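Data block below; observations after.
As the structure lists them, so they are numbered: ligands from 1, and atoms in each ligand from 1. Numbering of residues begins at 1 and proceeds along the displayed sequence. All of these numbers come straight from a predicted model, not from anything done at the bench.
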Amino acid sequence: MASTNEYTVPGLSLTKGRGVADELQHRLHALNDLHLTLKHAHWNVTGPNFIAVHEMLDPQIELVRGYADEVAERIAALGASPIGTPGALVKDRTWEDYKVGRGNTLEHLAAIDSVYTGVVEDHRKAIAEIGEVDPITEDILIGQTAELEKFQWFVRAHLDTRDSEG
Ligand SMILES: [Fe+2]
């Protein structure tokens, strides 16, 4: 649903402010989906490295919840209404639901790796588009993307089976 706010941040036209808010709404859905999906993996992961993966996920979940809050409040600052309901998320999302239920660490890490690829690619697209219009929002997304990419490295490091001796 397109924003219909009557004001936005100073220095942006109403049309541009609404456009940024609409783009951010997609990022809000992605971040809400991400922290719920990571919690699902935290609950369902099994196997020999259970505790490493189980415990690695919680700080990331807290971080991503914070990012959702940051994006939602930016939408509000832009004068629009952030939508956080699960029904709207499911209706608007463009990706498939996470497929792994109870599963071992490698299954979950591979699935999480692919979730991160999707979220980071879409964050980068939003940075490119929003960067043309609103550097303040762009800055928020850049900071988030750096941390999301760092966590994806943690996940990929677990999956990397190449011999470290070469
Ligand atoms: Fe827990």
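- The salt bridge (charged side-chain N to carboxylate O under 4.0 Å, His left out) analysis of residues 36-53, with sequence neighbours excluded, yields the pairs Lys39-Asp58.
- A salt bridge links Glu147 with Lys150: the distance from a Lys NZ or Arg NE/NH1/NH2 to an Asp or Glu carboxylate oxygen falls below 4.0 Å.
- Counting only protein N, O or S atoms, the number found under 2.8 Å from the Fe ion (ligand 1) is 1.
- Residue pairs meeting the salt bridge (charged side-chain N to carboxylate O under 4.0 Å, His left out) criterion with at least one partner in residues 70-85, sequence neighbours excluded, are Arg74-Asp134.
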Derivation of the side chain to side chain contact (heavy atoms under 4.5 Å, CB included) call for Tyr7 and Asn5: CA-CA 6 Å; Tyr7 63 84; Asn5 43 305; 5.9 Å; no
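- Annotation: salt bridge (charged side-chain N to carboxylate O under 4.0 Å, His left out) contacts involving residues 45-57, sequence neighbours excluded, are absent.
- No side-chain N or O of Trp95 forms a donor-acceptor pair with one of Asp122 less than 3.5 Å apart.
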